[in-house]
Amino acid sequence: MVAYIDIPTDAARVFTVLSAGGIGIIPSSVGYGIVATEAPALQRIYTVKRRQPHKRHAIIGSYALHREIHVLPSDKMDLVRLLTVDLNLPLGVIAPYRRNHPLIARLDEETLAVSSRHGTMAMLVNGGPFQEELVRVAAAAGRAVLGSSANLTGQGTKTVVEDIEPEIQEAADIVVDYGRVRDGWPRASSTMVDFEAMRVVRVGACYEVIRDVVARFAGVRWPDPSVR
């Protein structure tokens, strides 16, 4: 008998835990993340990961949520769509955001402070089908899903659950294990781009493909990681 994955059911289970103040470890195409929706749980994530004050939570998002929350010119919005929807690439988008969006307005000031910087907010767009479903369910209930990679600070994004440090796993109230992530090689975690400045903040998963697309279709040339 072959086991199967039931994404809607698993996402619903995770959201039930998160909305009750819990913490989840969940898969994305670029690595496993640790997430929450409620302020006390987000603070527990900071503590268990041993995060430094300059580190930020990101919103676990979707293209639809990016369109609603981020504020960018139409050509840059079109470029994000090309990358994440048309070409199905994972991407961390940093951009100015709408403070009055209902999901953002719900955040307390402390959570907002550790989830934004200089009027911008990071969002993982197209993190894979599980995250898309979890985000859809959470947004329908009026909650933003926030978090970061499921690892101790500085120890690297994990591509399988068994590599996640025991103290991180123990902090989670629910763990969804879908095996090795799709885009975790040769480097895990999302490629992160400041779309206001059109600057690469972090070279991550699928960077070479993303770099090529941006050069071909937008005429912007980002650094070649092979050149030292």
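Only heavy atoms go into these numbers, but all of them, side chains included; no hydrogens, no water, no symmetry mates. Because the structure is predicted, anything quoted here is derived from the model rather than measured.
- Defined by atom type and a distance below 3.5 Å, a donor-acceptor pair is missing between the side-chain atoms of Arg136 and Ser62.
- Of the possible polar contacts, none joining the Ser190 side chain to the Met192 backbone as a donor-acceptor pair under 3.5 Å is found.
- Scanning for side-chain contact (heavy atoms from CB on, under 4.5 Å) contacts around Pro186 gives an empty result, with sequence neighbours left out.
- We find that Glu109 and Arg99 are joined by a salt bridge, their nearest charged nitrogen and carboxylate oxygen being less than 4.0 Å apart.
- For residues 141-152, the salt bridge (Lys or Arg N to Asp or Glu O under 4.0 Å) pairs, not counting sequence neighbours, are Glu38-Arg143.
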- CA sep, side-chain torsions, deciding dist, call: His66, Leu72, side-chain contact (heavy atoms from CB on, under 4.5 Å): CA-CA 10 Å; His66 152 74; Leu72 286 171; 4.1 Å; yes
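- Among pairs with a residue in residues 147-164, those fulfilling salt bridge (Lys or Arg N to Asp or Glu O under 4.0 Å) read Lys158-Glu165, at least two apart in sequence or across chains.
- Taking every heavy atom of both residues into account, His70 and Val93 meet most closely at CE1-O, 3.3 Å.
- Here the closest non-hydrogen pair linking Gly21 and Ala41 is O-CB, 3.4 Å.
- The salt bridge (charged side-chain N to carboxylate O under 4.0 Å, His left out) check on Glu68 picks up nothing, with sequence neighbours excluded.
- At least one side-chain heavy atom of Leu103 sits less than 4.5 Å from a side-chain heavy atom of Leu65.
- A salt bridge is absent between Arg211 and Glu208; no separation between the charged side-chain nitrogens and carboxylate oxygens falls under 4.0 Å.
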- Can you list the steps and then say if Thr159 with Arg180 is a side chain to side chain donor-acceptor pair (under 3.5 Å)? CA-CA 5 Å; Thr159 59; Arg180 189 170 297 276; 3.1 Å; yes
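- Gly179 and Tyr32 make their closest contact through O-OH, 2.6 Å (heavy atoms, listed as atom of the first residue, atom of the second, distance).
- Distance alone, capped at 3.5 Å, places no donor-acceptor pair between the Lys76 side chain and the Met198 backbone.
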What donor-acceptor contacts under 3.5 angstrom involve side-chain atoms of residues 79-89, with partners at least two apart or in another chain?
residue : atom : partner : partner atom : Å
Thr84   : OG1  : Val80   : O            : 2.7
Asn88   : OD1  : Asn126  : ND2          : 3.1

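- Within the structure, salt bridge (Lys or Arg N to Asp or Glu O under 4.0 Å) contacts touching residues 215-226 (residues at least two apart or in different chains) are Asp212-Arg216.
- Scanning all heavy atoms of the two residues, the minimum distance from Ile164 to Ala150 falls at CG2-O, 3.5 Å.
- We find the CD1-CD1 distance between Ile60 and Ile26 to be 6.0 Å, quoted to the nearest 0.5 Å.
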